[in-house]
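Chain identifiers are assigned alphabetically (A, B, ...) following the order of the sequence lines, protein sequences preceding nucleic acid strands; residue numbering begins at 1 within each chain.
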Amino acid sequence: MAQSDTDVDHTAHGQSMGLLRVLGPAHVWALGVGIVLVGEYMGWNFAVGKGGAYAALIACWFAGILYSCVAMIDSEVTSTVAAAGGQYTQAKHIIGPLMAFNVGLYLVFAYTMLEAGNAITLGFLVDTVAGMTGHEGGLDQRPFIVLAIMFLAWLNYRGVLATLTFNLVITAIAFCAIITIFLATSPLLGAGEMLHKDLMSGQASLPYGWLGILAAMHFGLWYYLGIEGTTQAAEEVRSPARSLPFGTLAGIMTLLIAATLTWYICSGLMPWEYLGDGVNGAVAPLFSAAQISGSSALVWLLGIGTLFATLASANGCINDASRAWFSMGRDHYLPAWFGAVHPVYRTPYRAIIFLVPIALIFALGAPLDQVITFSILSGLLGYTFMPINMIMFRKKWPLDTIKRGYEHPLHPLPAISLMALCSVTYFAVFLGYGTQLIAMIGFYIVVSLWFHFWRYRFVKRADQFTMPWPRPRGY
Amino acid sequence: MARYIPPVQSKLGQIIDVIVLVVLSVGALFLPLWLGLAGSAKLPVPVENPTWESLGQNPVMVQQWNKLGFPDAASAHDMITARYDYSFSWVSLAVMVIVIVGYFVMMIRFSDIEYREVIAEKFGEK
């Protein structure tokens, strides 16, 4: 495929070297769905443990509404902000530098923690497959975790087109694997092994009552967490105004289907206590569902699906975290050294390399549910920013002042719904993980003060505003 | 408005800034783990001489437990009886709300001060 050099000479940031504009809508879909689809293969089932299978289904749909709002809001703003950094760049232009610095860190943490979670799952999968093929005593998972992260970082280092084309192929295979196991096990075409009625009767229906439904929202986010990452590709797609809304909205539709099918398959085959225990029970629930189906073909297919989903997600996370880190370096929010573009591969290579050991610290040193929680908390803070961002965007630049590639309907209803669902999710996180929530917000308060009173002095003022927009109303 | 010229930061200063940020991040994420305050572990509720019936499992559930490699009730006991404790204090909830709202209010106010400088320099004073 030929690579376009349309932006080689000068970017909006005045640099002599920019990122390559080589991506299309399919790559945007692959980036968003690739990051998220692993959520169907692992992690979502902690929601079952928090409230039972019905609670996990309700959380799945309410989180689906939350993310539909995220996708619509993001699509409108990002169709006008064609620069790397995604929500970081949006915040910089719409709310202000300190908010942007915080949003940039939310993105880096959400994606780096998710990358670590993917690597942990990959290590588990290799260990399980080794056990199934006769290896005794368990494998040391650490070399596989390190190798996976290093390989994907290398791929990202070498170029965005190859990285996201790789993601497109393996994400499509992982999605097809979910469709296949659904068809093979449901009464629609397959053997009709689904046992929802018996597995969800009596105490198993809502073991914690309505409080369990609220609690399940915590891990309900995991079904879709990361779809907002499509915006990170804004500086590398050929037609941002068309490709980004198309790829993002197609992505959320794909995920709504995949999440509902995943819940249906797994809760129809496994008791909720096993399914909801993502540490000692169903670490990779779709893989467990394939094992319980008794079909070795499905076991291999879902094993490959799990492997590909974890790789695609970690790959997309490296891509997105590095773009956010790179963008902050380019604006001097972080040392400018991180804002460099590789002279040959045209990738943010220093940011890619710098984040590798950070991901490894967490992949090798923290348990899966904690890593997931760290990622969810960063994501949740980011989703809380989005409705504020959207309302300010429409206020400062009404529809007649900037041409949007996409205008989301029913404003401000999606923003209000998103804020309400975020509030519910904060309460869900508070039920059990309140300490992490407070620790994380304490961290953001400290770094905000550090940025405002120290770091911001190294930032040029007007140069941060790179979009060709008119003066915002009220300023 | 006069154009703001930022000072040039030394290489050592840049390295120190990155180290500060990494130490703060790793500390915030690992501190609850090191202090044993992280997350809510499920706690099993012991049942004497457990049977599938006493654990509330119907025949279909038992069949699926067997397929998953749990041949008897004792082997699945800990997993079946483990429960989260969702009790909480309203004071803690109020503290959490104040911290979250206070954080966002602080951020929007500081951001607005910085944003006004950016706009004034970019578009000129009104």
Could you check if a side-chain atom of [X] sits within less than 4.5 angstrom of a side-chain atom of [Y], using non-hydrogen atoms only?
X       : Y       : answer
W450(A) : L24(B)  : no
I108(B) : M392(A) : yes
F110(B) : F453(A) : yes
Q64(B)  : L195(A) : yes
L21(B)  : L334(A) : yes
Y456(A) : P6(B)   : no
V447(A) : V20(B)  : no
V18(B)  : W337(A) : no

Check your understanding: Does anything in residues 54-63 of chain B pair up under side-chain hydrogen bond (donor to acceptor under 3.5 Å, both in side chains), and if so which pairs, sequence neighbours excluded?
Key -> S201(A)-N58(B), E273(A)-Q57(B), T51(B)-S54(B), Q57(B)-W65(B)
I need the minimum non-hydrogen distance between [X] and [Y], along with the two atoms involved.
X       : Y       : result
G365(A) : F30(B)  : O-CE2, 3.5 Å
P335(A) : Q14(B)  : CB-OE1, 3.3 Å
L98(A)  : E114(B) : N-OE1, 2.8 Å
E125(B) : R471(A) : C-NH2, 4.2 Å
S111(B) : M99(A)  : OG-N, 2.8 Å
E121(B) : A462(A) : OE2-N, 3.4 Å

Exercise for review: Heavy atoms only, distances under 4.5 angstrom: which of D17(B), I80(B), V8(B), I15(B) has the most pairs with chain A? Name it, please.
Suggested key: D17(B)
Revision key, fill the gap. If you tally heavy-atom pairs under 4.5 Å between each of V95(B), D112(B), I119(B) and chain A, the highest tally belongs to I119(B)
Report which part of [X] has an atom under 4.5 Å of a heavy atom belonging to chain B: side chain, backbone, both, or neither.
X       : result
Q291(A) : neither
Y208(A) : side chain
V429(A) : neither
H93(A)  : backbone
A282(A) : neither

Exercise for review: Go through A439(A), G281(A), P472(A), G442(A) and name the one with the most non-hydrogen pairs under 4.5 angstrom from chain B.
Suggested key: P472(A)
Point to revise | Under 4.5 Å from a heavy atom of chain A, the part of L93(B) involved | key: both
Review point. Parallel, tilted or perpendicular: which fits the ring planes of F465(A) and F123(B), with parallel below 30° and perpendicular above 60°?
Key: perpendicular
Review point. How are the rings of Y475(A) and Y115(B) set relative to one another: parallel (under 30°), tilted (30 to 60°) or perpendicular (over 60°)?
Key: perpendicular
Review point. How many angstroms lie between CG in D463(A) and NZ in K122(B), if you round to the nearest 0.5 Å?
Key: 8.0 Å
Review point. So, is the end of the K50(A) side chain (NZ or CZ) under 6.0 Å from the ring centre of Y84(B) and within 45° of the ring's axis?
Key: yes
Practice item. Anything in residues 67-77 of chain B with a heavy-atom distance to chain A below 4.5 Å? Please list those residues in order. Key: K67(B), L68(B), F70(B)
